[in-house]
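What you see is a predicted model, and the numbers here were worked out from it, not measured in a lab.
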Amino acid sequence: QVQLVESGGGLVQTGGSLRLSCAASGGTFNIYLTGWFRQAPGKEREFVAAISGGGGMTRYADSVKGRFTISRDNAKNTVYLQMDGLKPEDTAVYYCAAAKARWPNSRDADSWGQGTQVTVSS
């Protein structure tokens, strides 16, 4: 199983941007479909975006379409989430997850990172 470490979270004002990174180690990363999820206080973990192992297919939650972009660099074993046009409702802990041969979802993944906090002030 790969190990995942997220970075790049922080405090940003409404309309600002952040880029999250998810660095993988300990496995052949390009066979893992990888996704970003988030969990706000008092809410369940929800899907944000996902990308196939080779990067050719992507999926987004409706709430982030047009604002967030997921990408990956398999040479660096890293998946990115570029977040533009941030809103206060995007405030959450963001988690990276990877799954082999299937799309990860909030209840099914082979590996999870520890999370990184994103806070958007109004």
Side-chain angles (χ1 to χ4, degrees):
Q1 308 283 34
V2 292
Q3 290 80 51
L4 306 172
V5 177
E6 302 97 333
S7 62
L11 173 64
V12 65
Q13 291 185 333
T14 296
S17 298
L18 283 174
R19 188 175 82 155
L20 305 183
S21 298
C22 172
S25 62
T28 304
F29 190 48
N30 62 8
I31 68 173
Y32 286 87
L33 292 80
T34 308
W36 287 95
F37 299 80
R38 65 188 182 187
Q39 188 166 20
K43 295 188 177 181
E44 293 188 353
R45 190 173 298 187
E46 65 175 7
F47 168 75
V48 176
I51 189 166
S52 60
M57 292 186 290
T58 57
R59 295 182 174 181
Y60 294 93
D62 288 342
S63 59
V64 307
K65 277 182 184 175
R67 300 189 298 123
F68 291 10
T69 303
I70 190 169
S71 63
R72 68 190 297 157
D73 183 343
N74 285 336
K76 296 182 178 180
N77 286 348
T78 303
V79 169
Y80 304 97
L81 185 68
Q82 178 66 42
M83 305 187 295
D84 298 316
L86 283 162
K87 306 174 181 179
E89 51 264 43
D90 294 318
T91 295
V93 177
Y94 282 69
Y95 298 90
C96 177
K100 198 180 298 184
R102 66 196 187 280
W103 292 100
N105 64 59
S106 60
R107 301 187 180 187
D108 178 31
D110 294 324
S111 301
W112 288 91
Q114 82 290 349
T116 185
Q117 176 71 47
V118 171
T119 303
V120 184
S121 63
S122 57

inquiry  = So which atom in A109 and which in A99 form the shortest heavy-atom distance, rounded to 0.1 Å?
reply    = CA-CB, 4.3 Å

key: Results of side chain to side chain contact (heavy atoms under 4.5 Å, CB included) for V12 - residues two or more places apart only   = L18, L86, V120

inquiry  = Just to verify, what does K43 make a salt bridge (Lys or Arg N to Asp or Glu O under 4.0 Å) with, not counting sequence neighbours?
reply    = none

remark   = Nearest heavy-atom contact between L11 and S121 is CD1-CB, 4.3 Å

request  = Under the side chain to side chain contact (heavy atoms under 4.5 Å, CB included) rule, collect the residues that match up with V93, sequence neighbours excluded.
outcome  = Y95, Q117

key: Residue pairs passing the side chain to side chain donor-acceptor pair (under 3.5 Å) test where at least one lies in residues 45-56, sequence neighbours excluded   = R38-E46

note = Note: A24 and L4 closest approach over all heavy atoms is CB-CD2, 3.7 Å

ask   = E6 side chain to Q114 main-chain N or O, any donor-acceptor pair under 3.5 Å?
value = yes

message = If you count every heavy atom of other residues, nucleotides or ligands that lies below 6.0 Å from E89 atom CD, does the total exceed 12?
response = yes

remark   = Applying salt bridge (Lys or Arg N to Asp or Glu O under 4.0 Å) to D110 and not counting sequence neighbours gives R102

ask   = Are M83 and R67 close enough that some pair of their side-chain heavy atoms sits under 4.5 Å apart?
value = no

note = Residue pairs passing the disulfide bond (SG atoms under 2.5 Å apart) test with at least one member in residues 6-119, sequence neighbours excluded, are C22-C96

Audit row: F68, L81, side chain to side chain contact (heavy atoms under 4.5 Å, CB included) steps and yes/no = CA-CA 7 Å; F68 291 10; L81 185 68; 4.2 Å; yes

Donor-acceptor pairs under 3.5 Å, side chain of residues 26-33 to any protein atom, not counting sequence neighbours: which ones?
none

Residue pairs involving residues 74-87 (criterion side chain to side chain donor-acceptor pair (under 3.5 Å); sequence neighbours excluded) = S17-D84, R72-N74, Q82-D84

request  = With sequence neighbours excluded, tell me which residues meet side chain to side chain contact (heavy atoms under 4.5 Å, CB included) with S25.
outcome  = Q3

ask   = If every non-hydrogen atom of G85 is compared with every non-hydrogen atom of D90, which pair is closest and at what distance?
value = O-OD2, 4.4 Å

task = Heavy atoms only: give me the nearest Y94-V48 pair and the separation to one decimal.
result = CE2-CG2, 4.3 Å

message = Give me each pair satisfying salt bridge (Lys or Arg N to Asp or Glu O under 4.0 Å) with a member in residues 113-122, each pair once, sequence neighbours excluded.
response = none

Please tabulate, for the side chains in residues 59-66, all donor-acceptor contacts under 3.5 angstrom to protein atoms that are two or more places apart in sequence or on a different chain.
residue	atom	partner	partner atom	Å
Y60	OH	I70	N	2.9
D62	OD1	K65	NZ	3.2

key: Partner residues of W112 under the ring-ring contact (aromatic ring centres under 6.0 Å, His included) criterion, sequence neighbours left out   = F37

